[in-house]
Amino acid sequence: MREPDPRTLDAWRRHLGREPDPNALLAELTAGSLPEAFHATAMAGPDQPALDVDGVKRTHGELDEAAGRYAAYLRELGVRRGDVVLFSAPSSMAMIEAYLGILRAGATVLLANPAYTKSELRHLVGHSGASAAVVADPVFATAAELAEELPGLELVIDAVVPEPPGLEPLPVERTGSDEVAFLAYTSGTTGRPKAVPLTHANALSSMRAVMLAWRWSADDVMVHSLPLFHQHGLGGVTATLLSGARGVIGAKFDPDAICETIERERGTVLLAVPAMYERFVASEAFRAKRLASLRLLVSGSAPLSPAMAARVEELVGQIPLERYGTTESGLDVSNLYDGPRKPGSVGLPFPGIEMAVVDGEAQPVADGDEGEIVVRGPQVFAGYRDNEEATAESFYQGGWFRTGDIGRIDPADGFLSITGRAKELIITGGLNVYPREIELALEESPEVVRAAVVGVPSARWGEEVVAAVVRAPGTDLSEDALIAFAGERLAPYKRPKRVVFLEEFPVNHMGKVIRSELTKLVSE
C-alpha cells in the first residue's frame, strides 16, 4: 500500500496505542469474508452467549448452525452465489439468522427498510436485479405483488418461517474478500438513489478498525435498540460476532428498558444516535446513574450537540464517543477511546483510513480552513454500480473518495469537525433522507408546481424534514393533504413533518434554490 503521511500514522498510533505497521494492518483488516470470520469465532467458543433479541437467545455456535441451515434452505430454493437478495424484516432473532444465512449462501444482501412503500421497493428490486426477496410482514405481501410484476424477482421467502427440518447446514465456502457482500443505496440531490456495492473487505475493514480503536473484545456486552435494517444497528451485530462478545438488542427503543438492560446484563458498550440521547437524559433510569458498567457510549449517524454531550457526561460520567462515516466509505473517523473526546468534533481517521480536507482542485487546505472531506482506504467502495459518470465525479486521482461533506481540521490536535453537508443530506432520527427524492415525490401531485426540501433543527429528531411548496395556480392544496399524498409514496421518516407554501423560492442567477435562505424562510 501507499505509505501514509506522518499525520495519518500518528492518528493510527493514537487510536491503537502502539506503533502501526501499515502493510500488516491492511492485511489484518481485509482478510477473509464475513461468513468465514463469523464461523471462525463461533468455532473458537461455540457455547459462548452471542445475541439476545427481546429475550430470544443464541450462542455463537447456535447462530453459526442456524446460518448454515438457512443457507442450505436458500440453495435448495434456487438462490445462487452472487445473486442479489432483497432483505427486509423487523428486528428479531429470526431476521438475524436469515441475514447470516444469505451471506453464508454467497449471495449479496440488499437491505431495505420495512417501512418502504411499494414504489420504493420496486425501484430497488428493478435497479438491483434482485432475483429473490427474503422478507417478513409488513413487506411480504408487497414483495409478492412485485414478483408478479417484475419477471426478474423469482422467489419471495418468508424471513421468519423456519427452514424445513432435516437440512444439513451448508459448510462455509471460500469467498473472495473482493466479492460483494452488500448492495446499499444512497443519493445526492439530483435524482434516484445510486447503488453502492460493498465487498467483504470493505465491511470487514470498517468494523475491524472500529474494534481495534475502541478496544472491542470478547469480554464486552454490547447493548442497543437500533434498527437492524440499518448499517449502524447491524454493525453492532457484526462486531459481536467477530469478537466473540455478547450483544443484547431491543427491537423497539424504550430508554427505561435499555437502562434496565444495561444494569441487569452489565452492559459495557452502548450504541445510540443523538435523538436517543435526547430521550435518555429525560429518563429516570438514565438519570439514576446506575450505568457504571458502561465503558463506552457511542453516538453516530447525526451530529451530537456539545450541550447534549455535556449533559450525558454529567449523568453518566463520560462523554459519548462520536464517529463519522458514509455509506460509500464505511466508518472513517472517530474520537479517541482513551481521550481526549471533543464535543462537536469527530476526531481522527480510523486505523487503515487516510483523511484530508481539500479545495475544489483537490489540494489540501490549511488547517483551520474549511474544505471537502476526502478519504481513501480498504473501507472505501470502488464505485457506483452501472454509473460511471457518478463514480468519476465522486473520486479524485489517487483513490480519494469525495464524501461531499464539508469540514475543517483543528491545527492544535488534527481533529476533524463537520461543518456542513455539501450533498444536502438530511439526517432525521439517525436515518438518511435525500431532499431530491422527497421533492420528486411531492412534485407528482398535479397541484404542486415546485417543491424544495430542507432539514430544520429539531430537539427530538436532530433534523426534521420540511418541504417548501409552490402551489399550482387556482388550487388550494392543504398541508395535511400533501403530507397524506407523500405518505402513499414515502416511508414515514421521509415524509415532511411540515409544509410551508410560498409564492416563489429564493434562487441564484442560474435558477438554483439557495437552500440556506430557504431554510431561514421555513424556520420563521
Check: [X]/[Y] side-chain N/O donor and acceptor closer than 3.5 Å:
X	Y	answer
Thr519	Ser516	no
Tyr185	His127	yes
Glu389	Tyr384	no

Candidate pair Leu110 and Phe87, rule side-chain contact (heavy atoms from CB on, under 4.5 Å), full reasoning: CA-CA 6 Å; Leu110 170 57; Phe87 184 55; over 6 Å; no

Between [X] and [Y], is there a donor-acceptor pair closer than 3.5 Å when you use the side chain of the first and the backbone of the second?
X	Y	value
Thr238	Leu234	yes
Asn335	Ser345	yes
Ser206	Ala203	no
Glu463	Pro457	no
Asp405	Ile373	no
Ser91	Leu228	yes
Arg341	Ile319	yes
Glu372	Val358	no
Thr475	Arg471	no
Glu322	Lys342	no

Quick one: [atom1] on [X] to [atom2] on [Y], what's the gap to the nearest 0.5 Å?
X	Y	atom1	atom2	result
Ser301	Ile427	OG	CD1	7.0 Å
Leu111	Ser88	CG	OG	8.5 Å
Thr108	Phe182	OG1	CZ	9.5 Å
Leu291	Ile262	CG	CD1	5.0 Å
Ile426	Leu431	CD1	CG	12.5 Å
Arg376	Phe401	CZ	CZ	15.0 Å

Flag the pair [X] / [Y] as yes when at least one side-chain heavy-atom distance between them is below 4.5 Å, and no otherwise.
X	Y	answer
Leu270	Phe280	yes
Val135	Ile157	no
Ile409	Met355	yes
Val269	Leu294	no
Ile406	Ile418	no
Glu370	Val357	no
Ser334	Leu321	yes
Phe350	Tyr324	no

Closest approach of [X] to [Y] (non-hydrogen atoms, all atoms of both residues):
X	Y	value
Tyr493	Val465	O-CG2, 4.1 Å
Val79	Ala107	CG1-CB, 4.1 Å
Leu124	Tyr116	CD1-CE1, 3.7 Å
Leu502	Leu521	CD1-CD1, 4.3 Å
Cys259	Ser283	SG-OG, 4.4 Å
Val273	Leu226	CG1-CD2, 3.9 Å

Would you call [X] and [Y] a salt bridge, taking side-chain N to carboxylate O under 4.0 Å as the test?
X	Y	answer
Arg489	Glu444	yes
Arg58	Asp52	no
Lys520	Glu517	no
Glu464	Arg498	yes

Begin with the C-alpha distance, continue with both residues' side-chain angles, and end with the deciding distance and a verdict on salt bridge (Lys or Arg N to Asp or Glu O under 4.0 Å) for Glu479 and Arg495. CA-CA 12 Å; Glu479 179 181 31; Arg495 299 169 195 167; over 6 Å; no

Side chain to side chain donor-acceptor pair (under 3.5 Å) evaluation trace for Thr391 with Ser394: CA-CA 5 Å; Thr391 298; Ser394 298; over 6 Å; no

Can you list the residues that meet the salt bridge (Lys or Arg N to Asp or Glu O under 4.0 Å) rule with Glu149, with sequence neighbours excluded? Lys118, Arg122

Quick one: do Leu271 and Met222 satisfy side-chain contact (heavy atoms from CB on, under 4.5 Å)? Show the steps, please. CA-CA 8 Å; Leu271 305 182; Met222 181 273 304; 4.2 Å; yes

Quick check on Arg460: does its CZ atom have over 12 non-hydrogen neighbours (other residues, nucleotides or ligands) under 6.0 Å away? no

Evaluation steps, side-chain contact (heavy atoms from CB on, under 4.5 Å), between Ser119 and Glu488: CA-CA 9 Å; Ser119 175; Glu488 299 174 357; over 6 Å; no

So that I know where these two stand, are Tyr70 and Tyr99 an aromatic pair - ring centroids less than 6.0 Å apart?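 That pair fails the under 6.0 Å test.
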
Ring centres of Phe286 and Tyr277 under 6.0 Å apart?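 No - the distance between ring centres of Phe286 and Tyr277 does not fall below the 6.0 Å cut-off.
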
Set of residues satisfying side-chain hydrogen bond (donor to acceptor under 3.5 Å, both in side chains) with respect to Thr117, sequence neighbours excluded: Glu120

Go through Phe381 and Phe395 one step at a time and tell me if the ring-ring contact (aromatic ring centres under 6.0 Å, His included) criterion holds. CA-CA 11 Å; Phe381 82 136; Phe395 283 89; 5.6 Å; yes

Decide yes or no on side-chain contact (heavy atoms from CB on, under 4.5 Å) for Leu297 and Val312, but give the supporting numbers first. CA-CA 10 Å; Leu297 294 81; Val312 173; 4.0 Å; yes

